[in-house]
Amino acid sequence: MSKQIQIAIDGPAGAGKSTIAKIVAEELGFTYIDTGAMYRAVTYKAMKENINLNDAIALEKMLLLTSIDLKPSENGQLVYLDGVDVSQLIRSNEVTANVSEVSAHANIREILVKKQQELAASGGIVMDGRDIATHVLKDAELKIFMSATAEERAKRRFIDNEKRGIPSSIETLKQEIIQRDKFDSEREASPLVQAEDAIYLDTTELSIEEAAKSILRLAKEKME
Ligand code: DC
C-alpha cells in the first residue's frame, strides 16, 4: 500500500480549493476535510441564535454546546450541525458575509483547530482552509497555496451560486472576495499566509482537472 500522507491546501476565497481538494482526495482514496465549512456552521448557528458575532465569549459558550460533523456522500461532503444537515444553508450570502468576523476569534479557532487535528489523526487526508499548512497540519507532507486573480475567483463563485440557485452579481462578488481576503490576511489570529514550505499554484489559467492533476503528481512523488 502506498504511504498515507497529509495534504494541506490553503488559499483565498474562490481559488478552487474545495473542488480540487475533493477530486484529489477521491483519486487517492483519502478523506477530505473542508475546514471553511466548520467556520461557516458556527457562523450560521450564531446568526440563528442572535449571538453578537463580536462577542468571542458568547460564541465560545455556544460552540462548546455544538456538534459539527462532516460526512462524505455521493454529492460531496455533507455538514451536520447538531445532527441537522446544513450543507446548503451555510453557503448563503449572509453566512459568507459574516464568517470572516467569526473566524477571526482566536478562541473559536483554537477549538476548531483541535477538532481538525483530531479528524486528521489517522489515514490519508486532504484538508483545505486558510491556516492548514501554517497551524493545523504543520507537518503535512505536501503543502499547496492555491490562488487566482480576484476577477477569476468572482466569476467562479458566480457560476457556483447560479448552480445553487443563489442570486448574485460578479462585481459585488469581486468586492466581497477582496474584502474577505483582506480581512482573512490581516487578522491577528492565524492570518492567511503562504507557508514557507508550501508550493504556490496559480489556478487562473488552469482547468479544475489540470490543477487536480498537478497536485496529484506532487502527492504521488511524496507517497513513493
Ligand atoms: O473556504 P470558505 O470560503 O468556506 O471559508 C469561509 C471562511 O472561513 C473564510 O472567510 C475564512 C475562514 N476560514 C478560516 O479562517 N480558516 C480556515 N481554515 C478555513 C476557513
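All ligand and atom numbering here is 1-based and tracks the order in the structure. All values reported here derive from a predicted model rather than from experimental measurement.
- Just one of R156, E152, K17 meets the side chain to side chain donor-acceptor pair (under 3.5 Å) condition when paired with T203; it is R156.
- Partners of R130 under the salt bridge (Lys or Arg N to Asp or Glu O under 4.0 Å) rule, at least two apart in sequence or in another chain, are D184.
- Pocket lining of ligand 1, defined as residues with a non-hydrogen atom under 4.0 Å away: T35, G36, Y39, R40, R91, V99, S100, S103, R109, G129, R130, D131, I132, R180, D184, R187.
- Contact check on K71 versus D85 returns no salt bridge, with no Lys/Arg side-chain nitrogen under 4.0 Å from an Asp/Glu carboxylate oxygen.
- Side-chain contact between I7 and I125 is absent, with no heavy atoms from C-beta onward closer than 4.5 Å.
- Checked by atom type, the side-chain pair E171/Q175 shows a donor-acceptor distance below 3.5 Å.
- Between D34 and R91 there is a salt bridge, with a side-chain nitrogen of the basic residue lying less than 4.0 Å from a carboxylate oxygen of the acidic one.
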